[in-house]
Structures are given as structure tokens and as C-alpha cells.
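Down below is the structure, laid out as C-alpha cells.
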Amino acid sequence: MKGIILAGGTGTRLHPATLVVNKQLLPVYDKPMIYYPLSTLMLAGIREILIISSPDCLAHYRTLFGDGSALGLTIAYAEQPRPEGLPQAFTIGRDWLAGAPAMLVLGDNIFFGNGLGPMLRRAVAGVEAGGGATVFSYRVEDPRRYGVIAFDAQGCAVSIEEKPDQPRSPYAMTGLYLFDETVCDHAATLAPSPRGELEITDLARRYMDAGMLRVEAMGRGFAWLDTGTHDSLLEAAEFVRTIQHRQGIQIACLEEIAYLQGFISREQAETRGRALAKTAYGRAILTAIEDSPAPLPQGERRKGDRRQG
């Protein structure tokens with residue numbers, strides 16, 4: 001399984017803050033926004049990652065992450081000349097995927113909750129073993145703003161609609177998707193919607209109609225935050241600050257996750273933690289080393305492990 005972060009777009013709803021910087025580089029409290037979706041892929045056990053962004057922003061991501069080796073990852077980069085819909089990630093990334101299944105996460109989405117890592121790894125294992133696709137649903141107050149999934153009495157998805165005027169359910173499709181190795185072929189044959197974009201709902205519907213779509217529900221113990229507006233960006237920052245201050249943990253501390261997942265060594269983590277020791281972020285890395293002197297094999301999780309998202 002490989003991972004893709006779609007971090008393009010013009011960020012018009014965040015103007016003027018995004019007139020000179022890609023929105024996924026804006027801070028969400030104490031770290032760049034892109035740290036959060038990257039941490040989601042890492043919690044899923046994914047180590048090969050493609051970051052897709054506009055041509056003038058890729059240099060910033062290369063400066064931030066390099067080749068990914070400091071995190072035990074292999075990070076590649078690809079240009080999105082124009083934003084033409086989420087499935088475009090699979091036409092841009094086709095050669096890089098080279099027939100592998102993929103997890104796609106939107107660069108402005110934040111996921112947090114107890115058991116998030118195990119849920120993601122189960123979903124990855126399901127697609128790798130059985131093919132098809134998996135999407136994640138979340139109950140929202142105003143589903144008209146989202147892609148909406150409706151279910152039958154057995155809990156199986158029966159319809160997926162993009163921003164419907166009269167939603168058939170209160171369950172939205174989040175910005176996190178898993179697809180098998182056929183996804184690039186499907187994406188290549190999608191037609192633009194009346195909005196002029198390729199729709200991720202159309203792609204998911206292909207799998208649903210074939211009986212190959214699974215839906216994982218993110219219940220009350222999970223938070224899903226979209227940071228596409230000034231208000232939602234501030235709300236996300238307040239959420240992250242509250243959790244970190246109340247619980248004494250770091251959300252999306254990449255080096256902590258990399259160490260606890262066994263992606264990097266103790267020495268690598270300690271070097272990074274000491275370099276950032278004046279920050280809560282750096283201290284979280286050093287605390288992880290103290291609490292867990294030796295990382296577990298990839299995918300395993302200690303009792304009391306603080307990694308939630």
C-alpha cells in the first residue's frame with residue numbers, strides 16, 4: 001500500500017492568507033497543516049508517500065521533508081498544474097503507484113481518535129487482501145456540504161451523492177480513501193461533473209455498484225476536521241491546542257510516530273528531539289523515547305500507547 005497526499009488547490013477560501021503560500025503549509029496551532037494527513041498515513045503503516053501540489057509550492061515541501069528518510073519514509077513529489085478534482089491524484093500518480101493499491105488523504109483534513117491507527121491498519125489489510133475500496137464515514141450536522149453516503153438496513157452503502165440538496169443520510173464521506181490496484185484505470189475513465197471536476201463520489205460509486213465498497217464508520221470517539229476556511233482553521237487549531245494541553249500529548253508528532261512504529265532508530269529520534277527540545281513538539285519525541293526505550297515491530301502497539309492521530 002502506498003499513500004498520496006493531495007496538497008494542491010488555490011486555497012481561495014483562505015485568501016489573502018494563501019495568496020503567497022499553499023494552504024497546507026499554514027500552521028494548525030503549532031505545526032504545518034500537512035503534518036496531520038502525513039501522520040494519518042504513517043499511523044496506517046504506510047512508508048511510500050507521494051505529495052501532489054502546485055508547481056510553485058513543491059519546493060517548500062521538499063525543503064520540509066526532503067526524501068523522507070529522516071522519518072523512515074520514502075517521499076516523492078508530483079505537480080498538479082490545475083486542480084481538476086480529487087481523482088486527478090490517481091492520473092497524476094499513476095506511474096508512481098505502478099499498480100499498487102493506494103490510500104489517498106486530503107492535505108487539509110485532520111483525523112484524531114482513540115484506536116485510529118488500528119482502524120487504519122485493518123482497512124489497509126482488507127484492501128490489500130480482498131481488493132475493492134474503503135471509505136470512512138462521519139456523522140455531520142449539515143451533510144449538504146459533503147459527499148453523502150446512505151445505507152440500507154444491513155448497513156451496506158446504497159447511494160453516494162455529491163453535495164445533495166436533500167441528503168438521504170447525515171453521514172459524510174471524509175477526505176480519506178483506500179483503493180485497490182484498479183483505481184488508476186477507473187480514474188482515467190471518469191467524466192467531469194457539472195461542476196467541471198472529476199468527483200471522488202463517482203469513483204467510490206464505481207466500487208459500490210460492483211459490490212466492492214466497504215465503509216468504516218468513525219463514531220463519537222473520533223474527530224474529523226476540515227481546515228478549508230478561516231473559521232474551520234481556527235477551530236482546528238483550538239482543538240489541537242486543547243487536546244495537547246489537557247492530555248500532555250502531541251497530535252501528529254511525526255518523529256514520535258516514526259519511532260514508535262519502528263520506522264526510525266532511537267538515535268535518529270533522539271537527535272531530532274534534542275534539536276527541537278525548546279518546543280513541546282521536541283519534548284514529545286524525547287518523552288516517547290523515555291517511555292519506550294525500544295520501538296516495537298511495525299504495526300504493533302503498546303498498552304497505553306499515546307498515538308491517537
Side-chain angles (χ1 to χ4, degrees), residues 2-43 46-86 88-93 95-97 102-111 175-176 225-230 232-234 236-237 240 250-258 263-264 268 271-273 275-276 278-282 285 309:
K2 296 183 178 182
I4 298 176
I5 302 175
L6 188 56
T10 56
T12 54
R13 292 185 296 166
L14 287 169
H15 283 176
T18 51
L19 286 175
V20 295
V21 65
N22 182 255
K23 74 175 178 180
Q24 286 86 2
L25 290 168
L26 295 176
V28 177
Y29 185 49
D30 59 351
K31 57 190 73 72
M33 186 188 298
I34 197 169
Y35 272 44
Y36 299 90
L38 179 55
S39 74
T40 299
L41 296 179
M42 293 172 68
L43 286 169
I46 295 172
R47 302 181 67 173
E48 293 184 75
I49 294 166
L50 177 68
I51 296 176
I52 299 176
S53 190
S54 54
D56 56 336
C57 295
L58 283 178
H60 299 302
Y61 290 112
R62 288 192 174 96
T63 299
L64 188 60
F65 298 123
D67 62 2
S69 58
L71 295 168
L73 307 175
T74 301
I75 298 180
Y77 302 89
E79 294 184 359
Q80 183 187 37
R82 296 175 305 279
E84 297 177 342
L86 307 188
Q88 187 185 24
F90 299 110
T91 58
I92 293 172
D95 290 343
W96 177 81
L97 283 171
M103 175 182 280
L104 171 66
V105 60
L106 304 188
D108 61 358
N109 275 218
I110 298 173
F111 299 91
L176 181 63
L225 306 173
D226 179 342
T227 55
T229 68
H230 291 291
S232 61
L233 183 61
L234 178 59
V240 171
Q250 275 283 315
I251 299 176
C253 182
L254 302 182
E255 289 83 358
E256 178 189 11
I257 295 170
F263 295 174
I264 61 175
Q268 288 175 292
T271 297
R272 183 63 169 169
L276 299 171
K278 292 184 179 181
T279 68
Y281 185 95
I285 302 170

Flag the pair [X] / [Y] as yes when at least one side-chain heavy-atom distance between them is below 4.5 Å, and no otherwise.
X	Y	answer
T227	M33	yes
I34	I51	yes
E255	L71	yes
L225	S232	no

**Asked** Which is it for Q24 and Y61 under the side chain to side chain contact (heavy atoms under 4.5 Å, CB included) test, yes or no, and what are the steps along the way?
**Response** CA-CA 10 Å; Q24 286 86 2; Y61 290 112; 3.1 Å; yes
Nearest 0.5 Å please: distance from the [atom1] atom of [X] over to the [atom2] atom of [Y].
X	Y	atom1	atom2	answer
R13	D108	CZ	CG	7.5 Å
I46	F263	CD1	CZ	9.0 Å
I5	F65	CD1	CZ	6.5 Å
Q250	D30	CD	CG	5.0 Å
I52	L104	CD1	CG	7.5 Å
L276	T271	CG	OG1	11.0 Å

Donor-acceptor pair, [X] side chain versus [Y] backbone, under 3.5 Å?
X	Y	answer
T18	K23	no
Y36	V28	yes
N109	G175	yes
T74	E48	no
S53	A7	yes
Y77	D67	no

Do you know the tightest heavy-atom contact between [X] and [Y]?
X	Y	answer
I257	S39	CD1-CB, 3.6 Å
S54	N22	OG-ND2, 4.4 Å
A236	I110	CB-CD1, 4.0 Å
P81	E79	CD-O, 3.5 Å
C253	I285	SG-CG1, 3.6 Å

**Request:** With side chain to side chain contact (heavy atoms under 4.5 Å, CB included) as the test, would you mind laying out the steps for F111 and L43 before giving the verdict?
**Result:** CA-CA 11 Å; F111 299 91; L43 286 169; over 6 Å; no
**Prompt:** Where do Q80 and L6 land on the side chain to side chain contact (heavy atoms under 4.5 Å, CB included) test, with the steps shown first?
**Reply:** CA-CA 9 Å; Q80 183 187 37; L6 188 56; 4.0 Å; yes
**Verdict with supporting geometry, H230 and L14, side chain to side chain contact (heavy atoms under 4.5 Å, CB included)** = CA-CA 6 Å; H230 291 291; L14 287 169; 3.7 Å; yes
**Item:** Option passing side-chain contact (heavy atoms from CB on, under 4.5 Å) with I4 (candidates I92, L97, L41, I49)
**Value:**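 It is L97; the other options fail the test.
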**Prompt:** Do you see a donor-acceptor pair shorter than 3.5 Å between the side chains of Y281 and E256?
**Reply:**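 There is no such pair between these side chains.
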